[in-house]
A.B. asks: 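Mind having a look at this structure? Questions to follow.
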Amino acid sequence: MSTTTGPDGPDALLGPADIRELAAALGVRPTKQKGQNFVIDANTVRRIVRTAGVRPDDVVVEVGPGLGSLTLALLEAADRVTAVEIDDVLAAALPATIAARMPERKDRFALVHSDAMLVRELPGPAPTALVANLPYNVAVPVLLHMLDRFPTIERTLVMVQAEVADRLAAGPGSKVYGVPSVKANWYAEVKRAGAIGRNVFWPAPNVDSGLVSLVRRTEPVATTATKEEVFAVVDGAFAQRRKTLRAALAGWAGSPAAAEEALVKAGISPQARGEALTVEEFARIAENKPGPTSENKPGTESENEPGDEPEARA
């Protein structure tokens, strides 16, 4: 395997020629099905690590390491790195790449060969940070799963499709504010952290990419409702975006009248729409869900208000 040469001599990170050489040796061709776009620019992965604020004492978990571009940059900066990889060939090859290019850090690296959505535990110390170039087709569910499953993750920086980055970081009132925005905000303060050009990937994607920073809330959302109860309200509210909450939450509450009752008790106008509400307001609605003894009679008015197609749930 060749070694990229940097300004200060041999560079352990992977360059374009290294990526293609590795891929050819493994018989790997990036596939759209798995959302694979390998980063081939060492400056980009170092920028991601800097933007993530990775510290020498951090235990970083990475999802979808691919051929190891970002993994190596993380190992330069963190105490240890655990990578979660679903692809059989890539998972088998990555430890050898780490050992060949960064032998002094190989004992600081661990591999979990699994679908990230199925991961329930990680080897070694609890992770303090999540840094990943997430496959575009599963970015939001993977992100939410990792934040939920590993509460010790304090800081997250993910590279996702620019449109997804905008949705994750959107605030109430934004045209792209929706299910991913609210659910991400349940766990963390979320903001856009930069853009990534297409030419740093192989193959170059036909969409732009963006960085999203998530810093876990020091205090959870103050509510007596569970996460599942709050998320059920969020899913209902955005199922058809143009409906008023009175209509959109009729199924959740049992009827439009029951939805209105819950909304009024939560201090929210029944004529409001989901895109105007904060995560705290969704939590208040969840707290006021009518009980099974409530008189949830079907509404007489039409519930078929004009609306968009249901929003994809995260």
Side-chain angles (χ1 to χ4, degrees), residues 1-23 28 30 36-85 87 90-91 93-112 116 122 124-125 127-135 139 143 146 153-160 165 193-202 205 209-214:
M1 186 187 305
S2 62
T3 303
T4 306
T5 300
D8 302 314
D11 192 338
L13 302 195
L14 297 170
D18 304 311
I19 292 288
R20 289 183 170 86
E21 184 181 329
L22 260 175
V28 168
Q36 291 172 331
N37 296 93
F38 299 132
V39 181
I40 58 174
D41 180 62
N43 290 329
T44 296
V45 292
R46 283 201 171 108
R47 174 191 162 198
I48 291 170
V49 172
R50 285 196 308 271
T51 304
V54 175
R55 302 187 297 246
D57 60 344
D58 269 323
V59 178
V60 179
V61 58
E62 180 190 9
V63 175
L67 292 167
S69 302
L70 180 57
T71 316
L72 289 161
L74 289 168
L75 276 169
E76 280 188 336
D79 181 52
R80 55 184 67 237
V81 175
T82 299
V84 181
E85 177 58 64
D87 185 281
L90 297 175
L94 188 54
T97 300
I98 302 300
R101 300 190 73 92
M102 211 172 277
E104 73 284 3
R105 303 292 290 167
K106 66 179 183 180
D107 293 338
R108 298 284 180 170
F109 172 74
L111 178 80
V112 175
L122 294 168
T128 59
L130 166 65
V131 185
N133 170 22
L134 290 178
L143 172 62
M146 296 300 289
I153 294 175
E154 302 166 356
R155 287 162 290 113
T156 295
L157 187 80
V158 291
M159 178 161 53
V160 295
I196 301 290
R198 303 181 187 191
N199 61 342
V200 303
F201 295 96
W202 175 66
S209 302
L211 298 175
V212 181
S213 166
L214 302 96

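Below, each value reflects all heavy atoms present in this structure, side chains not excepted, and no hydrogens, waters or symmetry copies.
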A.B. asks: Nearest 0.5 angstrom please: Asn133 CG to Leu157 CG, how far?
C.D. replies: 10.5 Å

A.B. asks: Just one of Val54, Val63, Asp58, Val61 clears the side chain to side chain contact (heavy atoms under 4.5 Å, CB included) bar with Val131, so which one?
C.D. replies: Val54

A.B. asks: Between Glu85 and Leu94, is there a side-chain heavy-atom distance shorter than 4.5 Å?
C.D. replies: no

A.B. asks: Given side chains that start at C-beta, do those of Pro125 and Arg80 come closer than 4.5 Å, heavy atoms only?
C.D. replies: yes

A.B. asks: Using modelled atom types only, decide if a donor and an acceptor are shared between the side chain of Ser69 and the backbone of Val39 within a distance under 3.5 Å.
C.D. replies: yes

A.B. asks: Taking the side chain as everything from C-beta on, heavy atoms only, tell me whether Leu70 gets closer than 4.5 Å to Val49.
C.D. replies: yes

A.B. asks: Going by side chain to side chain contact (heavy atoms under 4.5 Å, CB included), Met146 matches just one of Thr156, Leu130, Leu134. Which one?
C.D. replies: Leu130

A.B. asks: Of all the heavy-atom pairs spanning Pro103 and Ala100, show the shortest one and how long it is.
C.D. replies: CD-O, 4.0 Å

A.B. asks: Taking all heavy atoms of Ser209 and all of Met159, pick out the closest pair and write down the distance.
C.D. replies: CB-CG, 4.1 Å

A.B. asks: Would you give the length of the straight line joining atom OG1 of Thr97 to atom CG of Leu72, rounded to the nearest 0.5 angstrom?
C.D. replies: 7.5 Å

A.B. asks: Could you tell me which non-hydrogen atom of Thr44 sits nearest to which non-hydrogen atom of Val200, and how far apart they are?
C.D. replies: OG1-CG1, 3.3 Å

A.B. asks: How about Arg101 and Lys106: do any of their side-chain heavy atoms sit closer than 4.5 Å?
C.D. replies: no

A.B. asks: If you round to the nearest 0.5 Å, how far is CZ of Phe38 from CG of Leu22?
C.D. replies: 9.5 Å

A.B. asks: So which heavy atom on Ala139 is nearest to which on Val160, and how close?
C.D. replies: CB-CG1, 3.7 Å

A.B. asks: When rounded to the nearest 0.5 angstrom, what distance separates CG in Leu13 from CE in Met102?
C.D. replies: 5.5 Å

A.B. asks: Please report the closest heavy-atom contact between Pro127 and Leu122, naming both atoms and the distance.
C.D. replies: CG-CD1, 3.9 Å

A.B. asks: Check the pair Leu214, Arg155 against side-chain contact (heavy atoms from CB on, under 4.5 Å), reporting the backbone distance first and the verdict last.
C.D. replies: CA-CA 6 Å; Leu214 302 96; Arg155 287 162 290 113; over 6 Å; no

A.B. asks: With Arg108, which residues qualify under salt bridge (charged side-chain N to carboxylate O under 4.0 Å, His left out), at least two apart?
C.D. replies: Asp79

A.B. asks: Supply the atom-to-atom distance Leu75 CG to Thr71 OG1, rounded to the nearest 0.5 angstrom.
C.D. replies: 7.0 Å

A.B. asks: Is the shortest side-chain N to carboxylate O distance from Glu76 to Arg105 below 4.0 Å?
C.D. replies: no

A.B. asks: Going by atom types only, do Thr128 and Glu154 share a side-chain donor-acceptor pair under 3.5 Å?
C.D. replies: no

A.B. asks: Could you measure the distance from the CG atom of Leu67 to the CZ atom of Arg20? Nearest 0.5 Å is fine.
C.D. replies: 11.5 Å

A.B. asks: Side chains of Phe109 and Thr82, heavy atoms from C-beta outward: is any pair under 4.5 Å?
C.D. replies: no

A.B. asks: So which atom in Ala42 and which in Asp11 form the shortest heavy-atom distance, rounded to 0.1 Å?
C.D. replies: CB-OD2, 4.5 Å

